[in-house]
Amino acid sequence: MRLRTLAIPFCALLAVAGGCAAVAGNGRPAESSVPIALDPDRPALAEVGALRFRGALRLPDGAGVGGLSGLWVSDSGDRFAAVSDNGKSVTGRLSYDAEGGLAGAGHYEVRPLTLDKSPDYRGRLNDSEDLVRLPGGGWLVPFERNHRILRYDGADRPEGTPRKLPVPPGLENAPANGGVEALAALPDGRILAIEEGDDDGVRERHAWIASAALKTRGDWQPLTYRAAPRFRPTAAAPLPDGGVLVLERRVSLLGGWAARIVHVPADSLRGGATMDGVELARLEPPLLTDNFEGLAVRPGEEGDLLVYIVSDDNRSPLQRTYLMMFQLPAGALKVTVAGR
């Protein structure tokens, strides 16, 4: 979701300190990424709720590496793919230090997504908001404004002519800039979609779940996602145990940007249920914050999980594209489930 309504004074209030990336003579950024502290005043800070901070990067301004609203990271951790809210796919490489912390990003490649066309569409067609790697291969990308979910082929990124999936009943009534921002393909093949909705203070958001054999709109089953007050869901990622992590985002004049990472257990992912997850971590000032909209999870060592989030800079000089990595220790999710 691109936040178009922020006034300049508001943006200035929310701006994060740090200079713009230097630009080389060919118009591409001279740097691939810049390491960033979680809290400049507490450089040793390593715990955020149930998560352990494992590194953050500022990605370059320009060259198409911006507006990122969806994220995927390979199981090996060396590759990532993302989509931007202007219909582009972005791929790149990740590197790590000797302790396994996120150390660098680079080798970016930006390509336009092939879009479907319909005489019924109005306005923008390319507002892509999340990126899902399907267990059997291929990709799903949800779009706002002209609300739809497209399925793409491609080994390393969404490519080729897409196929439109049946959309959940009622999605056509979603706000133009508040459709499906959180989409996940579960290990059993089911698809979970969560609507962002309006910034109206309502905690309950529409959600839907469908089997892998999705063929008609009637195959979607409704359920409800309950966010924290003033937060809205912006991304989701599947977990090996059948649950999901959900990324939520808040922005306000007084509080600035904030984000939550929430665990929703597998037993909540069924038609008619209310997903009321457990907060694992919250990012708000003085911690590093921005408009976080992309979420990815991959396996770590000895049963832990590595969690990545990426921010959408809205292509504003007052915002940045940050990529952060956290470690979720083995057994932490069992504790949250037991504490429900």
- Message: Looking at Tyr322, I'd like to know if the NZ or CZ of Arg58 sits under 6.0 Å from its six-membered ring centre while staying within 45 degrees of the ring's axis.
- Response: no
- Thr321-Asp313 side chain donor-acceptor pair, cut-off 3.5 Å: yes
- Task: Taking the side chain as every heavy atom from C-beta outward, state whether Val262 and Arg282 have any pair of such atoms under 4.5 Å apart.
- Result: no
All N/O donor-acceptor pairs, side-chain side in residues 131-140, below 3.5 Å, sequence neighbours left out:
from: Arg133; atom 1: NH1; to: Gly138; atom 2: O; distance (Å): 3.4
from: Arg133; atom 1: NH1; to: Gly154; atom 2: O; distance (Å): 3.2
from: Arg133; atom 1: NH2; to: Ala155; atom 2: O; distance (Å): 3.2
from: Trp139; atom 1: NE1; to: Gly154; atom 2: O; distance (Å): 2.9
from: Trp139; atom 1: NE1; to: Arg157; atom 2: O; distance (Å): 3.1

- Message: Can you confirm whether the side chains of Tyr121 and Asp116 place a donor and an acceptor under 3.5 Å from each other?
- Response: yes
- Item | Qualifying residues under salt bridge (charged side-chain N to carboxylate O under 4.0 Å, His left out), relative to Asp78, sequence neighbours excluded | Arg93
- Phe231 CZ to Leu247 CG distance, which is reported to the nearest 0.5 Å: 10.0 Å
- Message: So Asp130 and Val83, do their side chains get closer than 4.5 Å, heavy atoms only?
- Response: no
- Query: Applying the 4.5 Å side-chain criterion to the ILVMFWY set and letting contacts propagate, would Trp72 and Leu305 be lumped into a single cluster?
  - Reply: no
- Given side chains that start at C-beta, do those of Phe143 and Leu150 come closer than 4.5 Å, heavy atoms only? yes
- Item | Flag side-chain contact, heavy atom, 4.5 Å: Leu295 against Leu71 | no
- Do Asp241 and Leu333 touch side chain to side chain, with heavy atoms closer than 4.5 Å? yes
- Treat each ILVMFWY residue as a node, draw an edge where side-chain heavy atoms are under 4.5 Å apart, and state whether Val297 and Phe292 are in one component. yes
- Message: For a side chain to side chain contact (heavy atoms under 4.5 Å, CB included) check, start with the C-alpha distance between Tyr152 and Val141, then their side-chain angles and the critical distance, and finish with the verdict.
- Response: CA-CA 8 Å; Tyr152 290 87; Val141 178; 4.0 Å; yes
- Query: Roughly how far apart are Arg270 CZ and Met275 CE, rounded to 0.5 Å?
  - Reply: 11.0 Å
- Residue pairs fulfilling salt bridge (Lys or Arg N to Asp or Glu O under 4.0 Å) with at least one residue in residues 294-304, sequence neighbours excluded: none
- Derivation of the side chain to side chain contact (heavy atoms under 4.5 Å, CB included) call for Phe326 and Leu283: CA-CA 12 Å; Phe326 299 90; Leu283 296 172; 4.2 Å; yes
- Task: Report the distance from atom OG of Ser268 to atom NE2 of His263, rounding to the nearest 0.5 Å.
- Result: 8.5 Å
- Looking at side-chain heavy atoms only, is the closest gap between Arg151 and Pro162 below 4.5 Å? no
- Message: Do Arg232 and Asp199 make a side-chain contact, defined as non-hydrogen atoms from C-beta onward lying under 4.5 Å apart?
- Response: yes
- Task: Before accepting this row, confirm whether a basic side-chain N of the pair Arg205/Glu196 lies closer than 4.0 Å to the acidic partner's carboxylate O.
- Result: no
- Task: Please check if the side chain of Asp188 supplies one atom and the backbone of Arg190 the other of a donor-acceptor pair under 3.5 Å.
- Result: yes
- Message: Check Arg250 with Asp290, please: is the shortest side-chain N to carboxylate O separation under 4.0 Å?
- Response: no
- Message: Set out, in order, the CA-CA distance, both residues' side-chain angles and the distance that settles side chain to side chain contact (heavy atoms under 4.5 Å, CB included) for Tyr96 and Arg54, then state yes or no.
- Response: CA-CA 10 Å; Tyr96 302 85; Arg54 300 303 309 278; over 6 Å; no
- Query: What distance separates Leu165 CG from Ile191 CD1, expressed to the nearest 0.5 Å?
  - Reply: 5.5 Å
- Mind listing the closest non-hydrogen atom pair of Leu59 and Ser33 along with its distance? CD2-CB, 4.2 Å
- Query: Who are the salt bridge (charged side-chain N to carboxylate O under 4.0 Å, His left out) partners of Arg260, not counting sequence neighbours?
  - Reply: Glu248, Glu279
- Query: Between atom CZ of Arg111 and atom OG of Ser89, what is the distance when rounded to the nearest 0.5 Å?
  - Reply: 7.0 Å
- Query: Going by atom types only, do Glu181 and Thr234 share a side-chain donor-acceptor pair under 3.5 Å?
  - Reply: no
- Message: According to salt bridge (charged side-chain N to carboxylate O under 4.0 Å, His left out), who are the partners of Asp219, at least two apart in sequence or on a separate chain?
- Response: none
- Residues in side-chain contact (heavy atoms from CB on, under 4.5 Å) contact with Glu204, at least two apart in sequence or another chain: Val202, Thr224, Arg226
- Message: Checking side-chain polar atoms at under 3.5 Å, does Arg122 have a donor or acceptor matched by the opposite partner on Asn146?
- Response: no
- Query: Side-chain donor-acceptor pair under 3.5 Å between Ser84 and Asn86, yes or no?
  - Reply: yes
- Item | His206 NE2: over 12 foreign heavy atoms closer than 6.0 Å | no
- Query: Are Ile209 and Leu171 connected in a single hydrophobic cluster, I mean Ile/Leu/Val/Met/Phe/Trp/Tyr linked by side-chain heavy atoms less than 4.5 Å apart?
  - Reply: no
- Query: How far apart are the C-alpha atoms of Leu68 and Val310, what are their side-chain angles, what is the distance that settles it, and do they pass the side chain to side chain contact (heavy atoms under 4.5 Å, CB included) test?
  - Reply: CA-CA 7 Å; Leu68 304 184; Val310 71; 3.9 Å; yes
- Query: Salt bridge or not for Asp61 and Arg315, using N-O below 4.0 Å?
  - Reply: no
- Message: Any heavy-atom pair between the side chains of Phe80 and Ser74 that's under 4.5 Å?
- Response: no
- Rounded to the nearest 0.5 Å, what's the gap from CZ on Arg145 to CG on Asp85? Could you check? 8.5 Å
- Query: For the hydrophobic clusters of this structure (ILVMFWY residues joined by side-chain heavy atoms under 4.5 Å, transitively), does one cluster hold both Leu57 and Val110?
  - Reply: yes
